[in-house]
> 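One structure is given below, represented as structure tokens, and several questions about it will come after.
We use all heavy atoms of the structure for the numbers below, so side chains are in, but hydrogens, waters and symmetry mates are not.
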Amino acid sequence: MGKLRLFVDRMSQPSRAVLIFCLANGIDLEEHLVNLAKGEHRKAEFKLINPMCQVPAMDDNGFHLFESHAMLKYLVCTYPNIKDHWYPADLRKRAQIDCILDWHHSGLRRGSAGLVMNSVIAPVMGRKLDPQAAAEAEALLKASLGKIETVWLTGNGKFLTGSLQPSIADLSLACEVMQLQLLGKAKFSDLLDSNPKVKNWLAAVERTLSPHFSQVHDIIWKAATMYENKREREARKADGTISKL
Amino acid sequence: MGKLCLFVDRISQPSRAIVIFCLANGIAMEESEVDLLKGDHKKAEYKAINPMGLVPAIDDHGFYLFESHAILRYLSSAYPDVADHWYPADVKKRAQIDCILDWHHTNLRPGSGGLTINRVAAPLLGRPLDEKAAAESEVLLKASIKRIDTLWLNKEGSFLTGNEQPSIADLSLACELMQVEFLGEEYKSELLSPHPKVKHWLDAVEKALAPHFGDVHQKLKAGALAFRK
Ligand SMILES: N[C@@H](CCC(=O)N[C@@H](CS)C(=O)NCC(=O)O)C(=O)O
Ligand SMILES: N[C@@H](CCC(=O)N[C@@H](CS)C(=O)NCC(=O)O)C(=O)O
């Protein structure tokens with residue numbers, strides 16, 4: 001049996017979720033970088049793995065799968081010794097995890113990815129920044145963070161639905177929230193400060209999945225610093241222009 | 001013991017999917033209408049069931065659940081008489097169904113839902129029409145139909161991934177596609193004409209789930225017709 005092959009770009013939040021899951025659970029894997037900024041996801045050879053041309057995707061000894069949530073569920077059920085808390089066998093607990101993951105697509109993800117794409121990274125992907133789309137996404141993002149705070153972080157446990165241990169929903173949503181680092185420190189704090197439970201939850205996910213969570217996010221810290229510097233340079237340039245006037 | 005309670009409005013595609021699922025599987029239930037046009041979904045008593053204020057949601061003896069895909073998975077597993085083809089226990093088959101359902105959220109659904117809302121139905125929900133959003137959704141809808149054709153209807157069986165029997169993914173996507181009835185029969189035929197396999201699949205779903213599929217779509221068809229007059 002060959003190793004599980006993961007096709008990912010660590011700049012992508014669902015890619016990180018799948019990768020961290022494997023590392024945290026000791027699943028042996030081969031990481032194949034599909035560099036989004038270089039357009040590698042549109043190459044014919046990757047299309048054979050994922051016809052939708054998106055990361056993440058996987059090849060488990062000839063079985064191809066895409067969509068990160070489907071991949072996480074598959075890995076939980078296929079690899080031995082994965083602890084029950086990741087995706088509980090109890091039907092009602094599992095249904096609540098499914099509910100959060102389904103909601104994620106049209107709630108948090110649409111808000112977060114839409115804001116980051118339209119206000120920061122579009123040019124890297126060969127698209128244009130779109131302030132109006134960014135503003136709409138930001139409203140959805142704020143509403144979504146509020147929902148996490150009030151609907152799923154109400155129990156005693158530190159994790160979603162009041163669990164004492166993280167599930168695949170915690171992992172998927174936490175990787176999404178981490179993407180907001182690209183908006184800059186001030187904006188990131190601003191978004192989280194109004195949702196203190198979300199802030200604690202994120203720290204708990206990071207701590208519980210240490211060192212993998214931080215290591216896999218290393219690329220995001222670096223990219224965040226790069227964008228921050230760029231913003232500062234541009235601000236200084238603008239200041240310069242004003243003082244010259 | 002009370003019955004499973006479904007909070008639905010049959011003009012909503014994910015609502016229809018769960019009603020049809022229960023009827024086709026003989027799951028005893030009570031259908032409680034949450035009238036979207038009257039804004040019932042925004043009332044405090046409904047938000048106690050689904051804090052997102054959307055339909056569908058269920059109350060299974062005190063267990064509240066929303067998100068139609070999560071509901072369909074839950075019902076498939078919690079009700080013992082549901083046949084395996086709906087949500088196969090085989091992990092690889094199940095993973096493919098999960099993949100389609102996840103894909104649905106960001107492709108067919110915003111395509112079809114976005115088009116019908118923004119081109120015709122928004123005023124019914126008290127929102128303005130938005131032709132730019134409608135046109136973008138239409139592009140996504142067409143691309144999504146093509147994906148269904150080439151990715152999941154490329155094998156022998158009549159149903160998605162080449163199955164001989166429908167799964168919850170067939171049901172969910174078929175109910176979604178039916179929403180374009182809002183734009184009229186003609187529009188729907190035109191939309192499907194480049195993709196005979198998709199049309200054939202939609203007919204197969206309707207036939208396999210007769211009479212429930214047709215019955216539950218009555219409200220949509222009648223509503224769409226009245227609305228277009
Ligand atoms: N719902 C998918 C989303 C996948 C996705 O949107 N991937 C992005 C990166 S985060 C991508 O590959 N984008 C490339 C493109 O859209 O061109 C999942 O959860 O796996
Ligand atoms: N992802 C959800 C979608 C639920 C949803 O969007 N429901 C719509 C009707 S189809 C709704 O309740 N809309 C009311 C509104 O937006 O105010 C599911 O599959 O259950």
> Has the side chain of A:Lys147 got a donor or acceptor atom that lies under 3.5 Å from a matching backbone atom of B:Pro51?
yes
> To the nearest 0.5 Å, tell me how far A:Met52 CE sits from B:Cys99 SG.
9.0 Å
> For residues A:Arg92 and B:Tyr74, is any side-chain donor paired with an opposing acceptor at under 3.5 Å?
yes
> Compare every heavy atom of A:Ala95 with every heavy atom of B:Ala70, then report the nearest pair and how far apart it is.
CB-O, 3.9 Å
> Could you state the interatomic distance from CD (B:Glu67) to CG (A:Leu101), rounded to the nearest 0.5 Å?
10.0 Å
> Could you look at B:Arg109 and say if it's the side chain, the backbone, both or neither that has a heavy atom under 4.5 Å from chain A?
neither
> Looking at B:Asn154, I want to see if its CG is surrounded by more than 12 non-hydrogen atoms of other residues, nucleotides or ligands under 6.0 Å.
yes
> Of all the heavy-atom pairs spanning B:Ala78 and A:Leu91, show the shortest one and how long it is.
CA-CD1, 3.6 Å
> Is it true that A:Asp102 and B:Arg73 have a side-chain N and a carboxylate O under 4.0 angstrom from each other?
yes
> Could you look at A:Arg94 and say if it's the side chain, the backbone, both or neither that has a heavy atom under 4.5 Å from chain B?
side chain
> Is B:Glu131 atom CD crowded by more than 12 heavy atoms from other residues, nucleotides or ligands, each under 6.0 Å away?
yes
> For B:Leu151 and A:Phe66, which heavy atoms make the closest approach, and how far apart are they?
CD1-CZ, 4.5 Å
> For the atom pair NE2 (B:His104) and OG (A:Ser106), what is the distance rounded to the nearest 0.5 Å?
10.5 Å
> Between atom CG of B:Asp98 and atom SG of A:Cys77, what is the distance when rounded to the nearest 0.5 Å?
8.5 Å
> Using a 6.0 Å cut-off, check whether atom NZ of B:Lys197 has over 12 heavy atoms from anything other than its own residue.
yes
> Would you say A:Asn156 has more than 12 foreign heavy atoms packed within less than 6.0 Å of its CG?
no
> Under a 4.5 Å heavy-atom cut-off, does chain A meet the side chain of B:Ser77, its backbone, both or neither?
both
> Using 0.5 Å steps for rounding, measure from the NE2 atom of B:His105 to the CZ atom of A:Arg109.
13.0 Å
> Could you look at A:Phe63 and say if it's the side chain, the backbone, both or neither that has a heavy atom under 4.5 Å from chain B?
side chain
> About how many Å separate CD of B:Gln96 and CG of A:Leu65, when rounded to the nearest 0.5 Å?
7.5 Å
> Does atom NZ of A:Lys197 have more than 12 heavy-atom neighbours, drawn from other residues, nucleotides or ligands, at distances under 6.0 Å?
yes
> Where on B:Asp60 is there a heavy atom nearer than 4.5 Å to chain A: the side chain, the backbone, both, or neither?
both
